[in-house]
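Heads up: numbering here begins at 1 and tracks the sequence.
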Amino acid sequence: MTTILVTGGTGTLGRRVTQRLRADGHEVRVLSRRAQPYAVDLRAGTEGLDAALAGVETVVHCASSPRGGDERAAGHLIAAARRAGVGHLAHISIVGVDRVPFGYYRSKLAVERLVEASGLGWTVLRATQFHDLLVTLLSGLAKPPVLLVPAGVPDQPVEVTEVADRLAELALAAPAGRVPDMGGPQIRSLDSLAHAYLKATGHRRPVARVPLFGATYRAFRAGGHLAPEGAVGKVTFDEYVGRRFGGAGA
């Protein structure tokens, strides 16, 4: 049995990684800002972090926030992991962080570089956007009478439980460095995905494609966030929304 610390263990991915590791019989400590007994704000400092890492062999780093602070949090975690003698740091990142000049992606790439230079055994898995995230985006876009999506942008959403299974598998193995990217089974246009969401939820909205401008938009249009060679996911977006919304649009 391995003692594993999962940062962000109450989040969308971390919760599922924790469940998978515990189901396999491992002792898992959940670290987040409010999860007792290991309530630690990695961005704020290291209070409580040494105690959380005592005796831990592997850390799975899922904690992240688009509001900023990821680099500072990673720095605190890595320093404490070195003090504790952690043997393996497994980190989840995003496909395209080195190709899409988006602020959050730049931060994720900086964290990858910190992990690589940490002196610890490390593994980094990049995944495409989760189905959940795409639904959150589309639900917001669907509030006005017309659902507007960026023109010409493809996406490759992946099922979060499949990513959790892969990340847990990697965490239990030897450090592997940067492993192949993981993506969903289909690459589709955003307007196609929007129509699938509307059908599943029973909402009736016209979908309009809107051209945007700038380097970030061009990079997304060019598919910098896609992993066509890593289309190993099994669950399609249609299957996900059909299951989540119970065929509301049938």
Side-chain angles (χ1 to χ4, degrees), residues 1-42 46-65 70 73-74 76-94 111-112 115-116 118-128 130-133 158-185 230 232-235 239-240 243-244:
M1 182 178 71
T2 304
T3 302
I4 302 169
L5 178 75
V6 179
T7 73
T10 58
T12 300
L13 175 64
R15 183 172 70 253
R16 291 169 171 87
V17 172
T18 297
Q19 290 168 349
R20 162 66 193 277
L21 292 169
R22 284 177 173 164
D24 287 345
H26 300 283
E27 178 188 341
V28 182
R29 301 177 186 175
V30 171
L31 186 144
S32 72
R33 286 178 296 167
R34 298 181 180 85
Q36 296 295 340
Y38 304 111
V40 176
D41 186 344
L42 286 172
T46 59
E47 183 179 354
L49 191 50
D50 288 336
L53 284 164
V56 166
E57 300 159 70
T58 298
V59 172
V60 184
H61 187 36
C62 299
S64 183
S65 173
D70 278 9
H76 291 152
L77 177 66
I78 288 167
R82 285 200 296 255
R83 290 194 298 271
V86 169
H88 187 188
L89 173 58
H91 174 59
I92 185 68
S93 189
I94 305 171
V111 171
E112 284 189 16
V115 170
E116 292 167 11
S118 67
L120 302 167
W122 61 274
T123 301
V124 170
L125 170 66
R126 292 179 181 175
T128 56
F130 302 152
H131 293 313
D132 313 58
L133 177 62
V158 66
E159 172 61 32
V160 66
T161 55
E162 294 178 333
V163 178
D165 287 346
R166 175 62 174 149
L167 188 57
E169 175 185 50
L170 290 167
L172 294 172
R178 169 87 186 279
V179 299
D181 295 347
M182 181 175 184
V232 295
K234 303 299 183 185
V235 179
E239 290 169 339
Y240 171 79
R243 181 178 71 236
R244 175 166 172 176

| Can a salt bridge be assigned to the pair E27 and R22 using a cut-off of 4.0 Å between side-chain N and carboxylate O? | no
Is it the case that the side chain of [X] and the backbone of [Y] share a donor-acceptor pair, with hydrogens and angles ignored and the cut-off at 3.5 Å?
X: H131; Y: V235; result: yes
X: R16; Y: V160; result: no
X: S118; Y: L120; result: yes

Does any non-hydrogen side-chain atom of [Y] lie less than 4.5 Å from one of [X]?
X: I4; Y: V59; result: no
X: V124; Y: V179; result: no
X: M182; Y: T128; result: no
X: L21; Y: L172; result: yes
X: R178; Y: T123; result: no
X: H91; Y: V115; result: yes

To the nearest 0.5 Å, what is the distance between [atom1] ([X]) and [atom2] ([Y])?
X: L31; Y: R29; atom1: CG; atom2: CZ; answer: 10.5 Å
X: R83; Y: I78; atom1: CZ; atom2: CD1; answer: 12.0 Å
X: T7; Y: I92; atom1: OG1; atom2: CD1; answer: 11.0 Å
X: L89; Y: L77; atom1: CG; atom2: CG; answer: 6.0 Å
X: E112; Y: S93; atom1: CD; atom2: OG; answer: 3.5 Å
X: T161; Y: R166; atom1: OG1; atom2: CZ; answer: 15.0 Å

| With respect to C62, which candidate in T18, L13, T12 satisfies the side chain to side chain contact (heavy atoms under 4.5 Å, CB included) definition? | L13
| query | salt bridge (Lys or Arg N to Asp or Glu O under 4.0 Å): which pairs involve residues 3-15, sequence neighbours left out? | reply | none
Least distance between heavy atoms, [X] atom then [Y] atom:
X: A81; Y: L53; value: N-CD1, 3.7 Å
X: G87; Y: P175; value: O-CG, 4.0 Å
X: H61; Y: L42; value: CE1-CD1, 4.1 Å
X: G8; Y: A63; value: N-CB, 3.6 Å

Table please: side-chain donor-acceptor pairs of residues 33-41 below 3.5 Å, with sequence neighbours left out.
{"from": "D41", "atom 1": "OD1", "to": "R43", "atom 2": "N", "distance (Å)": "3.1"}

| note | Sequence neighbours excluded, the answer for salt bridge (Lys or Arg N to Asp or Glu O under 4.0 Å) partners of E162 is none
| field | H88: partners by ring pair (Phe, Tyr, Trp, His ring centres under 6.0 Å), with sequence neighbours left out | value | none
| task | Give the intermediate values and the outcome of side chain to side chain contact (heavy atoms under 4.5 Å, CB included) for residues E116 and W122. | result | CA-CA 7 Å; E116 292 167 11; W122 61 274; 3.4 Å; yes
| query | For E47, does the CD atom have more than 12 heavy-atom neighbours from other residues, nucleotides or ligands under 6.0 Å away? | reply | no
| task | Could you tell me which residues satisfy side chain to side chain contact (heavy atoms under 4.5 Å, CB included) with D165, sequence neighbours excluded, listed by chain and number? | result | R20
| task | Would you check if there is a donor-acceptor pair between the side chains of D70 and S64 at a distance under 3.5 Å? | result | yes
| request: Identify, with sequence neighbours excluded, every residue that meets side-chain hydrogen bond (donor to acceptor under 3.5 Å, both in side chains) alongside E57. | output: none
| task | Verify side chain to side chain contact (heavy atoms under 4.5 Å, CB included) between L5 and V60, making sure each step is shown before the conclusion. | result | CA-CA 6 Å; L5 178 75; V60 184; over 6 Å; no
